[in-house]
Amino acid sequence: MRKQEKRAVICLIMALMLVAGLGIFGYRLVKHGGEWATFYGNTQIYTDGAINRGTVTDRNGVELLSCTPEGFDYTDDYELRVATVHAVGDPLGNVSTGAITVFRSQLIGYDLLNGTYDASANGKKIALTIDANANRAAYEALAGRTGTVGVYNWKTGEIVCMVSTPGFDPAYEEETVDDGEPIYFNNFLSGLITPGSTFKLVTSAAVIDKMDNRDSFTYDCDGINQIGDTKESRLIDVSAHGEVDFREALAQSCNGAFGALTREVGAKAMKEYTEKAGLTKPIDVDGIETAAGVFDFPDNDDIRLSWAGIGQAGDMVNPCAMMVYMGAIANGGEAVQPTLIKSATFLKDITGGKSLGRYLDQDTAGELRSMMKNNVVENYGEGNFPGLDIYAKSGTAEGESYQPDAWFVGFTDSEESPYAFVVWVKGGGYGAQAAAPIANRVLQTLGSGGE
Amino acid sequence: MLAAYILLIAIVSLLTTRATPEIWGYYMVEGGGNFPITHWENVIGRSRSADINIPLNIVSNNHALLIRRDEDKWMIKDLGSKNGTKVNGFDLDPQKRYIIGPGDQIDMGGVIATITPPSIEETRNNRFMRRLDKEPVHPWKILLAITVFQILTIVQLVIGMGEEMTASALLSIVLLCAVMWAYVMFFHATGRRGFEMEMIAFFLSTINLAVTASSDPGIVLKEFIAILLGLALLIFMCIFMQDLNRTRRIKPVLIGLSIVALLINLIFGTAKYGATNWIRVGAITVQPSELVKLAFILIGAGALEELYDRKNTVVYALFSLFCLGCLAMMSDFGTALIFFATYLVVSFLRSGDISRFALTAVAAGAMGLIVLRFKPYIASRFDAWGHVWEPEFMDDLGYQQTRTMSFGAGGGMLGLGAGNGSLKYVGASNTDLVFGFVMEEWGFIIAVLLVLCIATLSVFAVMHIVAGRSTFYTILACSAATMFLVQTMLNVFGAIDLFPLTGVTFPFVSTGGTSLMTSWAMLAYFKAADMRRNAGLGAGREE
């Protein structure tokens with residue numbers, strides 16, 4: 001009998017297999033339980049394929065959307081609906097960056113212990129970091145043009161304004177006519193756009209670090225700035241700037257001077273500083289990956305290299321990444337990760353947001369800050385931004401439109417409003433004229449705590 | 001929490017109690033030593049795994065069998081040893097049985113020995129030792145806990161389902177509770193101890209009724225009747241199997257009945273979910289293959305003597321082949337797999353031959369591939385296996401699995417409450433996908449405990465056969481354990497995409513009368529192997 005007793009161990013092995021399989025499943029449950037539970041096949045939380053619980057509010061508790069078994073119930077304010085559609089999301093799930101899609105498991109209130117169990121059956125409330133008034137102001141200021149406005153607190157990382165146009169009314173999505181405009185596309189998080197002169201802030205960082213003799217740099221701008229034989233080898237400026245130094249070149253946004261500076265620091269340094277500025281990598285915004293910028297700095301083509309150094313040629317930047325770079329300059333060189341969900345704790349206000357690492361040396365950031373202030377004083381006019389301690393750079397980029405795209409990027413610095421911002425208006429025309437007022441209006445709205 | 005408490009007590013009790021082997025006599029070798037005989041069936045030989053191990057070259061590896069017949073009667077059988085066996089100078093014919101008693105001189109190629117019974121004092125000591133064994137836990141606390149659990153279940157079902165809940169469904173749970181108390185009180189009064197296995201089964205059955213009540217309140221009463229029948233069958237089988245020879249004699253009858261049942265199924269069967277494994281008798285549908293499981297286990301078991309009998313092995317192999325063929329023709333490949341795994345384990349237990357074990361498995365694998373070639377609908381399940389979350393399968397071949405995992409995860413650790421689930425609207429949710437069903441309504445913790453219950457039963461079977469009396473009971477318990485284990489693996493792993501979905505039932509928990517009844521009856525095989533004092537239902541009481 002002893003033999004049979006020994007052989008019975010095979011039963012133990014099978015029992016072990018059973019337990020091991022359960023272990024594997026347990027591991028998968030911990031890892032993927034949220035995805036599984038929020039799968040659209042789960043009729044506990046979906047009615048006709050639409051999530052049926054949860055509420056989305058802005059940072060001040062203004063209700064933007066509540067999901068019910070009868071369907072989605074958006075705010076009654078039409079303008080607010082359109083202004084926040086890319087942050088909140090749409091019933092059909094066409095907007096991939098919407099909270100309905102991205103923060104589904106938080107909305108449903110899934111957790112490992114209770115699953116989707118919900119005593120109130122109303123789901124959870126998610127407070128987004130955006131400010132309804134700021135979003136509305138940005139939407140109004142864009143005035144029907146295609147573009148984007150993004151503002152975030154460069155200390156805490158909270159995105160307080162995120163608007164992308166053209167938008168649409170999610171409450172009447174079925175009736176939305178698709179006229180070919182990318183209405184579902186979030187320009188701020190997913191867009192890749194020619195940066196134009198705003199990119200000179202990256203070139204400047206490279207110049208500050210690599211050119212010790214930058215103080216003695218001068219350039220004589222004749223408005224045409226022929227550097228080769230062909231028509232393409234002209235770095236044309238709006239007007240002849242005459243003799244400019246480095247500081248003046250940025251304030252006047254002199255293409256000729258920056259072409260020369262780019263050639264001076266070289267392709268390798270340009271590539272290095274673009275990467276350091278975080279423009280070539282995607283940024284994780286609460287699980288949403290921003291688009292990664294594309295740049296090309298050839299070391300055997302001076303003309304193309306010069307164009308790349310002033311934000312043209314093949315340069316493509318993501319607006320959110322540009323905003324984070326502005327935040328890094330403001331924050332002494334250290335970048336803070338942007339976030340869209342308001343955290344329940346006050347800890348973040350004290351400790352600041354999660355760091356993305358050091359983009360720039362403190363001194364470099366300091367010099368850039370001073371030059372950006374100089375831009376405002378000399379060129380854009382401090383009087384246009386009443387009450388704001390603002391640092392900025394405009395851009396006028398040759399994009400796809402007949403008219404150039406207008407950019408305005410920068411930051412403000414004060415205890416209550418440490419905001420970095422990016423404004424882009426497609427075909428808006430001259431940067432400082434078209435985009436700066438939009439930035440001002442949004443920042444004023446944020447400063448006054450709402451209109 | 002309550003459920004966890006119930007299951008943990010029962011599991012721990014089953015895993016910590018242990019029976020002391022009894023000593024039935026001594027095998028005294030002249031000038032050699034004194035070997036205690038701790039089993040009813042013993043191999044005498046040189047082999048290290050022999051029960052009575054005589055390490056002399058003159059003795060064959062497996063020289064002879066010594067089997068206890070009665071208080072002082074033993075049966076001896078030479079296994080065709082090289083030097084033969086003599087009793088009192090008389091040469092034994094190999095493969096023939098001889099009855100001997102204490103004092104008879106056994107001569108194995110010159111090694112002379114006698115059997116002596118244990119002294120009265122020793123017998124008394126032995127009894128005393130067994131009394132010191134850890135007593136199985138008292139059933140009352142667990143009973144009370146299960147009762148509270150049942151009451152809570154009823155409350156939850158009423159809250160969760162409201163108007164949809166039927167009186168008969170709730171009544172069934174109350175009746176189950178009454179039957180449970182009656183059963184334990186009756187057998188406790190007659191001196192039986194050790195009800196952990198039944199407690200586990202009653203608990204699993206409660207979950208079964210709750211799952212059925214939530215998904216199909218109209219048939220709960222039917223399920224309850226199946227439990228009653230299963231319980232009756234369990235008691236009957238325990239008493240019947242008390243007599244080993246009677247049990248062995250019934251085998252040919254069972255072979256005949258099984259063949260008839262499977263043939264009837266093949267001819268008159270109706271299809272359900274692709275497999276033709278049902279027959280309809282009036283208003284009742286029966287799954288003959290479930291009942292054949294019971295017979296299959298019994299037919300595979302054998303006393304030690306039979307294991308050395310080639311004819312017996314061949315009959316078992318042929319019978320297994322027949323069963324597998326029938327199941328394949330019914331397209332019930334899940335059940336076929338269970339039968340096959342059980343066959344493998346049993347033949348390994350019988351012969352211990354690993355190479356043959358491997359060979360059979362490989363041959364079966366090849367056959368399986370051929371089946372896949374000719375049955376595209378089975379092959380398509382393999383396509384989805386491991387990929388159910390891919391868009392291509394998510395709402396198609398992986399529909400049941402993705403829903404199981406989605407709703408199951410939705411239950412979290414603690415569950416949404418009985419009657420509150422939504423997986424019930426998915427096909428076969430209370431049978432093939434019952435693991436997900438329990439996860440959603442009862443939570444992952446209880447779902448895991450259900451599986452651990454099944455694992456415990458089998459671990460228990462292995463731990464307790466050490467004191468087993470006959471290999472017959474050992475094999476019974478092990479093959480019943482194999483069946484439970486494989487069935488649970490196929491059911492649970494199939495639903496959660498660790499295995500392809502084969503559509504078999506979870507023992508005790510899946511809705512389905514025949515399956516439930518069989519699960520209960522199957523407990524008899526574990527009870528028969530339970531050698532703890534007074535744990536068996538059939539055995540006479542020990543003072």
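Scanning all heavy atoms of the two residues, the minimum distance from M14(A) to M489(B) falls at O-CE, 3.4 Å. The two residues G21(A) and L498(B) make their nearest non-hydrogen contact at O-CD1, 3.4 Å. Residue G33(A) comes nearest to A409(B) through the heavy atom pair O-CB, 3.5 Å, listed as atom of the first residue, atom of the second, then distance. In plain terms, the two heavy atoms of I10(A) and F348(B) that are nearest each other are CD1-CD2, 3.9 Å. Of all heavy-atom pairs spanning C478(B) and C11(A), the tightest one is O-SG, 3.5 Å. Between L485(B) and A15(A), the shortest heavy-atom distance links the atoms CD1-N, 3.6 Å.
Ranked by heavy-atom pairs shorter than 4.5 Å toward chain A, the options L349(B), V345(B), L452(B), L65(B) are led by L349(B). Contact tally against chain A (heavy-atom pairs below 4.5 Å) for S406(B), G412(B), G411(B): the top residue is S406(B).
Both the backbone and the side chain of V448(B) come within contact range of chain A, each with at least one heavy atom under 4.5 Å from a heavy atom of that chain. With a 4.5 angstrom heavy-atom cutoff, V486(B) touches chain A only via side-chain atoms. If you measure heavy-atom distances from N420(B) to chain A, the contacts under 4.5 Å come from the backbone alone. I24(A) touches chain B through its side chain: at least one heavy atom from C-beta onward sits under 4.5 Å away, while N, CA, C and O do not. Proximity to chain A involves both the backbone and the side chain of F407(B), based on heavy atoms less than 4.5 angstrom apart. Using a 4.5 Å cut-off between heavy atoms, L29(A) contacts chain B through its side chain alone, with no backbone atom that close. Heavy-atom distances place no part of L423(B) under 4.5 Å from chain A, backbone and side chain included.
For F39(A) and W389(B), the gap between ring centers is short of 6.0 Å.
Taking the six-membered ring where the residue is Trp, F25(A) and F444(B) present tilted rings, their angle falling between 30° and 60°.
N42(A) is not listed as a side-chain neighbour of M405(B), based on a closest heavy-atom distance of 4.5 Å or more. F435(B) places a side-chain heavy atom less than 4.5 Å from the side chain of L22(A).
Within the model, atoms CG of L414(B) and CG of L113(A) stand 4.5 Å from one another, a figure rounded to the nearest 0.5 Å.
Counted within 6.0 Å of NZ on K125(A), heavy atoms from surrounding residues, nucleotides or ligands total 12 or fewer; the atom is thus considered open.
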